[in-house]
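Small disclaimer: the values here were computed from a predicted structure and weren't measured. Convention: sequence-line order gives letters A, B, ...; per-chain numbering from 1.
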Number of protein chains: 4
Amino acid sequence: MPKIVDHDQYRRELLNQCFDLFAEQGYAALTMRQIAQALGVSTGTLYHYFSSKEDLFEQLVADMVEQDIYSFAAELEKLPTFGERLEAAFGFLERNEARCRQQTLISIEFYQQQGADKVQQNAALKQVSDHVEQALVDVLKLEDRRLIRLLMCFVDGLLMHRMFEGEAVSMTEQLALMRHVITTYLDHQQVRSQGDVG
Amino acid sequence: MPKIVDHDQYRRELLNQCFDLFAEQGYAALTMRQIAQALGVSTGTLYHYFSSKEDLFEQLVADMVEQDIYSFAAELEKLPTFGERLEAAFGFLERNEARCRQQTLISIEFYQQQGADKVQQNAALKQVSDHVEQALVDVLKLEDRRLIRLLMCFVDGLLMHRMFEGEAVSMTEQLALMRHVITTYLDHQQVRSQGDVG
Amino acid sequence: MPKIVDHDQYRRELLNQCFDLFAEQGYAALTMRQIAQALGVSTGTLYHYFSSKEDLFEQLVADMVEQDIYSFAAELEKLPTFGERLEAAFGFLERNEARCRQQTLISIEFYQQQGADKVQQNAALKQVSDHVEQALVDVLKLEDRRLIRLLMCFVDGLLMHRMFEGEAVSMTEQLALMRHVITTYLDHQQVRSQGDVG
Amino acid sequence: MPKIVDHDQYRRELLNQCFDLFAEQGYAALTMRQIAQALGVSTGTLYHYFSSKEDLFEQLVADMVEQDIYSFAAELEKLPTFGERLEAAFGFLERNEARCRQQTLISIEFYQQQGADKVQQNAALKQVSDHVEQALVDVLKLEDRRLIRLLMCFVDGLLMHRMFEGEAVSMTEQLALMRHVITTYLDHQQVRSQGDVG
DNA sequence: GATGAATGAGGATTCATTCAT
DNA sequence: AATGAATGAATCCTCATTCAT
């Protein structure tokens, strides 16, 4: 194998370690020296692997897409009912709240950093979103993509409110309520469909 | 005699004009010189009214609380059914999407700027949230605060996804779906309640 | 009397009140706003009486010359021996150490502010010095101006060391020693002179 | 491998070159840009070696302590009489007047910059003083520390007067006179002691 | 590849001074 | 005369980036 593999692998390792830093400090407030120090390398080394701070950050976001934090998928697929699958998914979310918040924050940082227009052209965030959407379709076995999207919006909004207001917003309560609302809606749909059929 | 200036009023005027700037550029990327230039004053004047960039920003957020963008309340209260009231509220949201996005962005900026701990202690954002919550309770005539909170999370999440993905996420579609989901849920609740009663 | 008298008198009053401020903070560290605030006037008023900060400071130094802090002279003249007169003069110095230090500090500030060349051309500090020298000649009834100058140097040096080292340098002890040294010297001179005569 | 630079040595070199600047301009009037320019480096480099302007200045003063400008000591010790030793010491002073003035000025600047309380706690200036005092005790072979202190006060005062009044105060004359006064005093002391003994 | 010293444009902030009232 | 709001040049300091070693 050529050296390129090592190079690329090391680059990803560095990116991984940067993740928390950007989430905690924000793009602008985080300096290259801070990053270098936290990673235990010199700024020179940083510039050996990334052409600029912006490049480093963009690669970080791009990398985020590929990180399959939805590796929990397998567990869910065995569950028989939609209700159970949603419950498991929400349970995962609750257990990984910190990480999910970070992703949300970094996405927003990216948005601010790039400027609205660029972001929407840049495929990165769109990809993250689509990726997650597809994962949910597969895992929840719910075909209605509008509903998937609704869930995603709600979840991201909930994470945001949790940042601002902390425990004043109950994760457990809100997730339980949403499950109730959604299942009620789906049941009703089914009933109506059956009624239509009948 | 000094130049006659209503100090406090002028300060608010300056704050108002800053709002867009912070939402567009973000706290860190926006310089005091840029602000001064955009407002048509000197940096010295800025420091005459605000003791620091941070102070300016904090006042901006504090001011945001008091701005009653939910002045649309009056119109809604006359509407007879919950479905109509929710539709009207969502209509307002759609028409004022830009402004609402800005508020969301600035809140997040504030979160990053202040650090998680401070933010949750700081009354400001909590107030915004409570204020909006109460307004929705009054206007929608919906007593279940958990549901109100759910709606708020969803709406903020939707705004966020709209930022990242633009028109790829349909505001109209999502809002309509949510209305459907919620009314279905409420109807079902009522039915069940009546069933309980009967 | 024309208004000029009032104007001039007020100007002097302002100068007087500035004295401590400059001694405590130093020229550069003291701002016009601070001065204005301390004097209970506006910066505008300050500029009505003084054309600039530099001008204010120069006038302050010039004024210092004319302030006869050596008004103690009268008391001394009645004392019969040189030793007693010197003792009284040093006693005055000890009681007014704070004020004397301030004068010294302000002189040095002036020196730094003006630049070495200007200072020596500027009559101000030279005048203070000559003024004091003459006062001492008259009061101590000691004709030898070289000795007067030596005393002045010593006293200023002592004040300086007291600033830096505080009570680690004893004012009382040093002044007493100098009195002893000087009177010994003068006595010896006299003896020798008499010996020459005889 | 990094550029090979002896950090500490270079830092001292920079400090050395700063000395004159601070003495000439004073702490407040001297800007970091001016310093950088004078030293032929960038402001960034300055901040690489010193954490702030204040730190730079404090290190300068601390460094001043260790600079043994009293390296002339060896020459003096061979001289047989106190009179000759004092003459040689004053001769050295006269030849190094410029440097000595600078030290005095910088000490005063330090005093103003730090505020009276801090200065007296700060060991730096006290050390300079003690260091010089001990050197004089050793070199002049004069045990009476009060007299050493008196000489130091006089010398510093003389330097100060020379700054303000330039050649109007004669260095040579004043130093000669002080020598005369002191030797007369010491001779008299001896005579009296012998008288006591006899 | 790796280092960290060096750079200098650019940031927040201060402050002497002006001037409309 | 008196005020204090307004100005903007100049200050200290930071930080992305370069480059000699």
Side-chain angles (χ1 to χ4, degrees), chain A residues 3 6-7 10 27-37 40-57, chain B residues 1-7 10-11 28-37 39-56, chain C residues 3 6-7 10 27-37 40-57, chain D residues 1-7 10-11 28-37 39-56:
Chain A
K3 270 194 177 178
D6 282 338
H7 181 97
Y10 191 44
Y27 178 84
L30 186 61
T31 75
M32 288 298 264
R33 257 206 273 284
Q34 277 177 303
I35 298 171
Q37 201 154 20
V41 299
S42 66
T43 56
T45 298
L46 236 42
Y47 278 90
H48 186 70
Y49 288 96
F50 309 98
S51 67
S52 68
K53 188 184 175 186
E54 201 177 349
D55 175 48
L56 163 53
F57 186 52
Chain B
M1 263 175 280
K3 260 182 213 176
I4 292 167
V5 173
D6 185 330
H7 190 97
Y10 191 44
R11 210 201 69 231
L30 187 60
T31 75
M32 288 299 265
R33 264 205 268 278
Q34 278 178 307
I35 297 172
Q37 202 153 19
L39 305 204
V41 298
S42 65
T43 58
T45 297
L46 238 39
Y47 280 91
H48 186 69
Y49 288 95
F50 309 98
S51 65
S52 66
K53 187 184 177 185
E54 199 177 349
D55 175 49
L56 164 52
Chain C
K3 269 194 176 176
D6 283 337
H7 183 98
Y10 191 44
Y27 178 85
L30 186 62
T31 75
M32 288 298 265
R33 257 207 272 282
Q34 277 177 303
I35 297 172
Q37 200 153 20
V41 300
S42 66
T43 57
T45 299
L46 236 40
Y47 278 90
H48 186 70
Y49 288 96
F50 309 98
S51 66
S52 69
K53 189 185 176 187
E54 201 177 351
D55 176 48
L56 164 53
F57 186 51
Chain D
M1 264 172 279
K3 261 184 214 176
I4 292 168
V5 173
D6 184 331
H7 190 96
Y10 191 44
R11 211 201 70 231
L30 186 62
T31 74
M32 288 300 264
R33 263 207 269 279
Q34 278 177 307
I35 297 172
Q37 201 153 18
L39 306 204
V41 300
S42 65
T43 57
T45 298
L46 238 38
Y47 281 92
H48 186 69
Y49 288 95
F50 309 99
S51 65
S52 68
K53 188 185 176 185
E54 199 177 349
D55 175 49
L56 163 52

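Listed by residue number, Thr45(A), His48(A), Tyr49(A) are the residues of residues 45-54 of chain A with a heavy-atom contact under 4.0 Å to DNA chain E.
The separation between Phe57(C) atom CZ and dA16(E) atom P is 14 Å, rounded to whole Å. Summarising the geometry, the separation between CG on Leu39(B) and P on dT7(F) is reported as 11 Å, rounded to the nearest angstrom. In this structure, CD of Gln37(A) is placed 12 Å from P of dA5(E), rounded to the nearest angstrom. The interatomic distance linking Arg33(C) (CZ) with dT7(F) (P) rounds to 14 Å, in whole Å. Rounded to whole Å, the distance from CE on Met32(D) to P on dT7(E) is 14 Å. Protein atom CG of Leu56(C) is 16 Å distant from nucleotide atom P of dC15(E), rounded to whole Å. A straight line from CD1 of Ile35(A) to P of dC15(F) spans 12 Å, rounded to a whole angstrom. The distance between atom CD of Gln34(B) and atom P of dA9(E), rounded to the nearest whole Å, is 18 Å.
Taking a pair as Watson-Crick or G-U with both hydrogen-bonding distances under 3.5 Å, the stems of three or more pairs touching DNA chain E are E:2-21 with F:2-21.
Counting heavy atoms from C-beta on, the side chains of Leu56(D) and Met32(D) come closer than 4.5 Å.
Map Leu30(B) and Tyr27(C) each onto its nearest nucleotide of DNA chain E; the residue landing nearer the 5' end is Leu30(B). Mapping Gly44(A) and Gly44(B) onto DNA chain E via the closest heavy atom, the residue that lands nearer the 5' end is Gly44(A). Each of Thr31(A) and Ser42(B) has a nearest nucleotide on DNA chain F; the 5'-most of these lies closest to Ser42(B).
Distance OH/Tyr27(C) to CD/Glu54(C): 5.0 Å, rounded to 0.5 Å. Here Leu46(C) contributes atom CG and Ser51(C) contributes atom OG; the two are 11.0 Å apart, rounded to the nearest 0.5 Å.
Taking side-chain N and O atoms only, His7(B) has no distance below 4.0 Å to OP1 or OP2 of dG4(F).
Here the shortest heavy-atom pairing between Ser42(D) and Ala36(D) reads C-CB, 3.8 Å.
Contacts of Thr43(C) with the nucleic acid, taken as non-hydrogen atoms under 4.0 Å apart, include base atoms.
Between Tyr10(C) and Tyr49(C), the ring planes lie perpendicular to each other; the angle is over 60°, past the 30° to 60° tilted range.
In the displayed structure, Gln34(B) atom CD is contacted under 6.0 Å by more than 12 heavy atoms of other residues, nucleotides or ligands.
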